[in-house]
Structure formats: structure tokens, C-alpha cells
Amino acid sequence: EGSLLSRLASRMATLAWSVCLLMAFAALAPAQTFYDTARVLMEGQRLRFGANISCDQCIDIVDVMIQVDKNETARAELIADVNATCPKLFPTSKVEADLCIQFGDDIVNKLLPFIDKQLETLAWDARAVCSNFVPVCKNPCCSTNTIPEKLRLSLPSDGNSMFITWTTLLNTSTHTVQWGPAGAGPGDLPYSSNGWSRTYTFGGWVGVVHTAEMTNLKPGTAYSYRVGDAAGGWSDVWSFSTLPSNAGTAERPLRIIQIGDMGYANKSDNTVAGIIAEVDQGNVDLILHVGDVSYADGDMPHWDVYFLKIEKISARVPYMTNPGNHELWYNFTAYKTNFWMPASAYSDHRMFYSFNYGGVHFAQMNTETITDTANLDDQQRTWLRADLENRPKNALFTIATGHRPFYCTTGGAKDKDCVTFAALLRSQAEPTLIANHVDMVITAHMHGYERTYPVAYGNPTAQNYFMPSSPVYVVNGAAGNRESNDNPHGNQPWSAGTHTSDIGYAHIRIEKGQLHYEFLVAANRSVVDSFTIVKQ
């Protein structure tokens with residue numbers, strides 16, 4: 001299956017590249033140039049043809065394509081040209097000539113509108129088309145060659161360490177993190193560790209991602225740190241604090257911010273500003289981002305924009321993620337490369353994993369496939385059962401997360417997400433979640449906020465949250481992205497509380513036997529819904 005999908009993806013990319021150039025030349029060039037271009041493409045000489053096209057020329061061509069798509073007269077003339085030209089290209093084969101005509105019609109009436117729509121919704125710009133479909137454009141990640149940018153912290157599965165990941169344009173001889181007591185300057189960081197690097201080139205991205213680990217950290221301690229290389233240069237000095245040993249108690253609650261579906265553009269500005277303000281105040285121990293991280297959608301520079309946007313959060317507080325469907329490009333390569341989540345014996349690429357933090361066990365699921373459908377495969381279901389059965393016996397709460405919802409009410413009776421895919425995920429994992437007494441399942445994907453009563457197999461098991469016998473499900477994908485938000489209907493027997501389309505984020509506060517959850521409107525940080533799960 002993987003090999004077949006890879007071949008299919010490769011053929012689709014080649015086709016898109018070819019048709020973009022073919023139709024642009026058909027619109028702009030003399031007939032003979034069009035014939036020659038078509039022959040080259042038909043013969044499969046993609047590289048030889050593409051070598052003569054620069055990034056700027058490709059961008060100009062894409063812009064012309066969009067202008068043609070918006071002009072009905074131009075589109076009609078283009079179709080007429082294709083109808084006249086294809087028989088000349090294939091004078092001895094009516095089948096091939098008819099296929100050529102259909103091919104041209106599909107380009108004008110399907111491909112051009114598709115590209116136009118993507119551009120208008122900010123999924124791509126012309127450069128992104130020429131970085132992915134041709135590809136001839138390169139997209140440097142960074143403003144300097146080797147000075148680290150875009151720092152993001154992440155946690156191990158357990159223990160007293162912290163991972164730090166950063167980006168540079170070029171690789172460096174070492175991948176070093178230096179750390180020491182809070183307030184220490186660049187020359188006073190006594191501990192150091194060398195890490196590793198990796199990269200990818202899909203979408204024309206040019207850069208290197210580095211990760212290193214800070215070890216033997218003491219509980220309840222503030223640290224300063226910087227990353228980089230002696231020859232290549234260093235980042236600014238940042239700081240973070242480890243959890244105190246009494247985190248999760250009434251004296252020191254565990255404080256989490258949960259977000260989902262947050263994009264790089266201005267729709268998330270209020271959410272990011274609100275979270276930064278809370279990090280500034282020292283009120284955040286952990287970020288949970290349950291999928292759809294950045295909305296780059298294959299436009300790789302948007303990952304860089306996003307990481308710069310959240311750096312004042314992610315460089316100071318561990319930032320834990322799930323993959324979402326908007327990360328699926330190139331089999332989630334950008335996601336896998338840019339984040340360093342805990343390892344799992346069942347997942348080579350850290351797409352699903354678990355970790356313990358502040359007395360809470362987190363099971364982070366991957367609900368995604370490269371075909372933009374929901375699924376928890378056999379390997380992951382095996383992992384989930386084993387993980388939950390072997391989690392620490394003294395865990396205060398168990399929280400499971402994943403991008404796509406198990407229960408939601410956005411959309412109609414035939415909605416694929418809240419009906420078809422949600423039912424599939426429930427059939428695959430709900431027995432395990434119930435049998436292992438998971439307290440809360442947090443998802444996103446739907447661009448709004450809603451919650452359920454405790455529910456099992458479609459039936460509410462209580463109308464409150466006192467000592468629930470089944471999980472509570474929260475959908476919160478409301479952090480702000482280019483696709484805007486929707487208000488869930490809240491019209492099922494298991495639906496509970498407020499549902500809203502407001503852009504916002506959530507607080508989770510855990511203290512002793514209580515888990516408090518509240519959803520805030522990002523614009524003014526007002527609380528529009530809250531509830532408390534009580535276990536003791």
C-alpha cells in the first residue's frame with residue numbers, strides 16, 4: 001500500500017507540474033512552441049524541460065494561469081486551442097487525440113480553478129505551487145546561515161530531562177545546548193550536551209533541524225539555556241522551569257493550556273498573544289496542541305512563520321503535539337522532522353506516544369492517514385492497550401488526545417467527520433478507553449468548542465462529572481486558522497454545556513482529585529464554559 005501510494009503521489013506531482021507549464025505555454029506561446037512543449041512533456045522529459053524554467057518564471061506562469069481562470073473568454077479560447085491542437089499532436093491516433101482533448105479540458109475546468117481556490121484561501125501562493133508541483137523554487141528557512149532560530153521545548157516520556165529543538169539554514173559541526181541556573185549569562189552556563197540534526201527538501205525547503213537534550217534537571221528549578229555551535233553561533237539565552245515535586249496538588253496545581261487547529265496567519269493572533277501573556281506571568285506548565293499545527297499545507301515557509309510566531313511560548317514551556325490532517329503532505333515529513341516527541345516501541349516516527357507529567361498520564365494518539373481519513377491502525381491500537389494497562393498506578397488522571405473527534409455535533413446527518421469517521425474511531429478505541437478508565441479524551445479538527453457528558457458507546461452514563469464511570473470528550477479546535485470557525489449544534493443526548501464558534505483556547509488545571517477545564521475567548525480571555533471532573 002505504501003509503495004502504491006508513493007507511486008501515485010509521484011505521478012500526481014509530475015502530472016500537476018506538466019499541466020501547469022503546458023497550459024501556461026498554450027496561453028502565451030506561439031503554436032510551434034506549444035507543440036514542442038507538449039511533445040517534451042508527453043515523452044516524459046520532465047527534468048530536461050524544467051531545467052530551463054527559473055523560479056521567477058514559474059511564478060509568472062502561475063499568475064497567468066490564475067488570470068486565465070478568472071477570465072471566461074480566455075478559458076473558452078484556451079479550450080478551443082486545445083481542441084484544434086490535440087489532433088495535430090496525435091494525427092495517427094484518435095484515442096490519444098481524444099485523451100489529449102479531455103486532458104486539456106480537465107486542466108482548464110478543474111486544475112486551474114483548484115489552484116485558484118487554494119491561492120484565494122491562503123493555502124498556497126504562486127511560489128508554493130512552484131516549490132511543490134514543479135519544483136523549481138527554493139525556500140530558505142532562516143535569516144542567517146547558522147544562528148539558531150525557532151526554538152521549541154518538548155518532554156521525554158518520563159524522567160528529569162527536557163528536549164530542545166531549533167532550526168538553522170546550514171548544518172553545524174555540533175548541535176549543542178548549554179544550560180545552568182536561571183539568570184546566568186551566556187558565559188555562565190556550566191552544563192552542555194551535544195545532539196543531532198536532520199533535514200528534508202520537500203516543497204523546496206532549505207534548512208536543518210537540530211535537537212539536544214538537557215539532562216539531570218532538578219524539580220522545581222528555573223534554568224537558563226542557549227543552543228547553537230561555537231563556530232556557527234548561539235541563540236539568545238532563554239529560560240524555563242521544571243515542575244516542582246508537588247505539582248498536581250492543591251498547593252501547586254498542574255497548569256496546562258490546550259489548543260487545536262492553530263494556523264500561522266492572523267486568525268490566531270489573539271490566541272498566541274493570550275498564551276504569551278500567561279507564559280510571561282509564569283502560569284503555564286505545558287502546551288497541548290492536538291493537531292493541525294501551522295496550516296502550512298505543504299507550503300514549507302509557513303512552518304517557519306509559525307515557529308517564529310510561537311517562539312515566545314515554545315522556547316519557555318514544553319510544547320507537545322499530535323499530527324493533524326493538515327500535516328499530511330509528503331507523508332507528514334515536515335511534522336516528523338520539526339517536532340521531537342517521546343519515543344514509542346510501536347512508532348518509528350513518534351507519531352503516537354505517551355508521557356507522564358505532574359501526576360497525569362497522557363496518551364497521545366495519531367488519528368491521521370496520508371489519504372486524509374481517520375484511522376487507528378492495528379499497531380497503534382496494540383500500543384494504546386499496552387500503554388494504558390501499564391501506566392503508573394499512582395496517576396492522578398489519564399488524558400488521551402488525538403486530532404479527529406470521537407464525538408462531535410458539527411455538520412449534518414451525513415457529515416463524514418462527526419458521523420462516519422467518529423464512529424470508526426470509536427469502534428477502534430472506545431472499548432480500550434473505557435476499560436482502562438481514561439478520564440478525558442481531547443480532540444480538535446472541528447473548528448469550535450464543545451464537550452460531552454461522561455459517555456460510553458453513544459450513551460451518556462451520567463449528567464454530571466462526579467466520579468464518572470466513562471470518559472468525557474472535549475472538542476477544541478478553535479485556536480484560529482484560515483478556514484474560520486463553526487458552532488457545533490450540541491444536539492445529541494451526550495452533548496453538554498456551552499458550545500461556541502469563538503476563537504479561543506483552554507485551561508486545564510489539575511489539583512489532587514479534581515480536573516478543571518475551561519474554555520476562553522482569545523480576544524478578551526473571558527471564560528465561556530467550564531466544568532470539573534471530580535475523582536475523590
(request) Identify, with sequence neighbours excluded, every residue that meets ring-ring contact (aromatic ring centres under 6.0 Å, His included) alongside W329. (result) W124

(message) Could you work out, with side chain to side chain donor-acceptor pair (under 3.5 Å) as the rule, every residue matching T398, not counting sequence neighbours?
(response) R391

(request) With sequence neighbours left out, write down each residue that passes salt bridge (Lys or Arg N to Asp or Glu O under 4.0 Å) with D56, or none if nothing qualifies. (result) none

(request) Could you pull out all residues at least two apart from S344 that satisfy side chain to side chain donor-acceptor pair (under 3.5 Å)? (result) none

(request) Indicate yes or no for a side-chain donor-acceptor contact from T146 to the backbone of L170 under 3.5 Å, with no hydrogens or angles considered. (result) no

(message) Once ring-ring contact (aromatic ring centres under 6.0 Å, His included) is applied, do any residues pair with H326, and if so which ones, sequence neighbours excluded?
(response) Y295

(request) Please identify each residue that fulfils salt bridge (Lys or Arg N to Asp or Glu O under 4.0 Å) with D297, with sequence neighbours left out. (result) R482

(message) Measuring from atom CE of M341 to atom OG of S157, what distance do you get when rounded to the nearest 0.5 angstrom?
(response) 12.5 Å

(message) Using the disulfide bond (SG atoms under 2.5 Å apart) criterion, which residues pair with C137? Sequence neighbours excluded.
(response) C55

(message) One thing to verify: whether K267 and D261 come together as a salt bridge, which I'm taking to mean a side-chain N less than 4.0 angstrom from a carboxylate O.
(response) no

(message) Do the side chains of D236 and R226 get close enough for a salt bridge, i.e. N-O under 4.0 angstrom?
(response) no

(message) For Y335, give me all partners under ring-ring contact (aromatic ring centres under 6.0 Å, His included), at least two apart in sequence or on another chain.
(response) F339

(message) Once side chain to side chain donor-acceptor pair (under 3.5 Å) is applied, do any residues pair with T176, and if so which ones, sequence neighbours excluded?
(response) T174

(request) Would you kindly say whether E149 and S143 are connected by a side-chain donor-acceptor distance under 3.5 Å? (result) yes

(message) Determine whether the aromatic ring centres of residues W238 and W179 are separated by less than 6.0 angstrom.
(response) no

(request) Would you check if the distance from the ring center of Y306 to the ring center of Y264 is below 6.0 Å? (result) no

(request) Hey, could you give me each pair passing ring-ring contact (aromatic ring centres under 6.0 Å, His included) that has a residue in residues 358-377? Not counting sequence neighbours. (result) F355-F362

(request) Could you tell me the separation between the OG atom of S241 and the CE atom of M162, rounded to the nearest 0.5 Å? (result) 9.0 Å

(request) Mind checking disulfide bond (SG atoms under 2.5 Å apart) for C141 and listing every partner two or more places apart, or none if nothing turns up? (result) none

(message) Between R127 and D299 (salt bridge meaning N to carboxylate O under 4.0 Å), is one present in this structure?
(response) no

(request) Can you spot which of F397, Y505, Y473, F531 makes a ring-ring contact (aromatic ring centres under 6.0 Å, His included) with Y517? (result) F531

(request) Report the residues that fulfil ring-ring contact (aromatic ring centres under 6.0 Å, His included) with H210, sequence neighbours left out, ordered by chain and then residue number. (result) W166, H175

